[in-house]
Asks: 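Take this structure, written in structure tokens, and hold onto it; I'll ask about it next.
Order of the sequence lines sets the chain letters (A, B, ...), proteins ahead of strands, with each chain counted from 1.
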Number of protein chains: 2
Amino acid sequence: MMMDFDEKSRQHQLKITPQRTAIFKILTTARNHPTADNVYQEVKTEFPNISFDTVNRTLLTFAEVGMIEVIESNGHCRRFEPNLKTHHHFYCVGCGEITDFFHKEYDNLEIPENISRRFHVTGKRMVIKGLCDKCI
Amino acid sequence: MMMDFDEKSRQHQLKITPQRTAIFKILTTARNHPTADNVYQEVKTEFPNISFDTVNRTLLTFAEVGMIEVIESNGHCRRFEPNLKTHHHFYCVGCGEITDFFHKEYDNLEIPENISRRFHVTGKRMVIKGLCDKCI
DNA sequence: TATTAAATAGGAGTAATTACTATTTGTCAA
DNA sequence: TTGACAAATAGTAATTACTCCTATTTAATA
Ligand SMILES: [Mn+2]
Ligand SMILES: [Mn+2]
Ligand SMILES: [Zn+2]
Ligand SMILES: [Zn+2]
């Protein structure tokens, strides 16, 4: 896993720093869709002097080179997606929690012609909205 | 259309104020997925003293009663959806622009059992990601 | 037309993110 | 193995997007 990290980093000319290594490790075991602050709080236990900016910048860098993704939340803070496997989201409009789910029927749906012709598509996801069990 | 507005307002015990009426009118002719500030800037030409808070609060109120929706953006500001017809989104990871598209094949896909059993589902939408023509 | 709860304007406060800069560090070539 | 240098970092300031507060105004109703 850290092998992957070193390799990916070299591929993209990213220096392998202890901070980045720690952040990546946290992401591999992350609970669902952490915010920059979630990651910051966790990495601080190992690097008490790390700055929030370093964490946030690192996460954006990782996203830029495809090691993680930025997913959409409803206008609160930015959330990151460490799970690159094809999957879908249930989004609770009450508490904002995003729950992963897997559903083969959604995975291989075709992209409409008028979209694939007009844009460069890199991915797709079904987003189901509603209220979670806690918010009903 | 304003008929709809008055009716919906009464249905939900919302007072019909000139500010709300103006905001609603702007929404009916809105360009794609405006932010609160987008709406604020536009309504200010008609009501120079309207406060941002009034606009933002009104949009959230409209969303609460189902006159519009809040849609997800990637951690920047909140964006509103005035178009209640079933449709889907192309999301440009470069500039953040969200483009509507219609595609019947996506409209009637079933909700997976383990989701509908566990949550109260209110809607679903396919979100396709990539780069728009300007950002390629 | 008077009552009253809801809505508004204006401003203050807060949270999340981004920018700036002096210093440190990882990489690579000699 | 070392030295040069571009990249990365810590610490802090600034900005953006939103949310809260309160005195005043207003729409609805009886
Ligand atoms: Mn996910
Ligand atoms: Mn839309
Ligand atoms: Zn919830
Ligand atoms: Zn774009």
Asks: Rounded to the nearest Å, what distance is computed from the CZ atom of residue B:Arg20 to the P atom of nucleotide C:dA9?
Replies: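 Rounded to whole Å, this separation is 11 Å.
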Asks: What class does the angle between the rings of B:Phe119 and A:Phe90 fall in, given that below 30° is parallel, 30 to 60° is tilted and above 60° is perpendicular?
Replies: parallel
Asks: D:dA28, C:dG26, C:dA16: which one has an atom nearest the side-chain heavy atoms of B:Lys15?
Replies: D:dA28
Asks: Reckon B:Arg78 has a side-chain N or O less than 4.0 Å from the OP1 or OP2 of D:dA17?
Replies: no
Asks: May I have the distance from A:Phe5 (atom CZ) to C:dG26 (atom P), rounded to whole angstrom?
Replies: 12 Å
Asks: May I have the distance from B:Arg10 (atom CZ) to C:dA6 (atom P), rounded to whole angstrom?
Replies: 18 Å
Asks: B:Leu59 CG to D:dT19 C1': how many Å, rounded?
Replies: 14 Å
Asks: Does C:dT25 have OP1 or OP2 under 4.0 Å away from a side-chain N or O of A:Gln19?
Replies: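 No, no such contact exists.
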Asks: Does any N or O in the side chain of A:Glu81 come within less than 3.5 Å of the main-chain N or O of A:Asn83, such that one atom is a donor and the other an acceptor?
Replies: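 Yes; at least one donor-acceptor contact below 3.5 Å.
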Asks: Based on the rotation axes of five pairs at each end, what angle does the helix from C:dT1-D:dA30 to C:dA30-D:dT1 bend through, to 10°?
Replies: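 Between the first-five-pair axis and the last-five-pair axis there is 40°.
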Asks: Is A:Tyr91 reachable from B:Tyr91 through a run of I, L, V, M, F, W or Y residues, each pair having side-chain heavy atoms under 4.5 Å apart?
Replies: yes
Asks: To the nearest angstrom, how far is A:Arg79 atom CZ from C:dA16 atom P?
Replies: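 The answer, rounded to whole Å, is 12 Å.
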Asks: B:Ile16 CD1 to D:dT26 C1': how many Å, rounded?
Replies: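 After rounding, the gap between these two atoms is 14 Å.
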Asks: Please determine whether residues B:Phe102 and B:Val127 belong to a single hydrophobic cluster, defined as Ile, Leu, Val, Met, Phe, Trp and Tyr linked transitively by side-chain heavy-atom distances below 4.5 Å.
Replies: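 B:Phe102 does not cluster with B:Val127.
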Asks: Determine whether B:Leu60 and B:Arg78 make a side-chain contact, defined as any pair of heavy atoms from C-beta on separated by less than 4.5 Å.
Replies: yes
Asks: Does A:Thr58 put a side-chain nitrogen or oxygen below 4.0 Å from OP1 or OP2 of D:dA8?
Replies: no
Asks: Using a cut-off of strictly less than 4.0 Å between a heavy atom of the residue and any atom of DNA chain D, enumerate the qualifying residues of residues 35-57 of chain B by number.
Replies: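 Close to the strand are B:Phe52, B:Asp53, B:Asn56.
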Asks: Do you know the tightest heavy-atom contact between A:Thr99 and A:Asn32?
Replies: CA-ND2, 4.2 Å
Asks: Starting from C1' on C:dA7, measure out to CG on B:Leu60 and report it in whole angstrom.
Replies: 15 Å
Asks: Would a single hydrophobic cluster contain both B:Phe80 and B:Ile23, if residues Ile, Leu, Val, Met, Phe, Trp and Tyr are joined by side-chain heavy-atom contacts under 4.5 Å?
Replies: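 Yes; tracing contacts between hydrophobic side chains, which count when under 4.5 Å, links both residues.
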Asks: Before you tell me yes or no, could you show the steps for A:His87 and A:His103 under ring-ring contact (aromatic ring centres under 6.0 Å, His included), namely the whole-Å CA-CA distance, both residues' side-chain angles and the distance that decides it to 0.1 Å?
Replies: CA-CA 7 Å; A:His87 69 280; A:His103 193 59; over 10 Å; no
Asks: If I take atom NE2 in residue B:His12 and atom P in nucleotide C:dA6, what distance separates them, rounded to the nearest angstrom?
Replies: 16 Å
Asks: Is it true that atom CD of A:Gln41 has more than 12 heavy atoms of other residues, nucleotides or ligands lying nearer than 6.0 Å?
Replies: yes
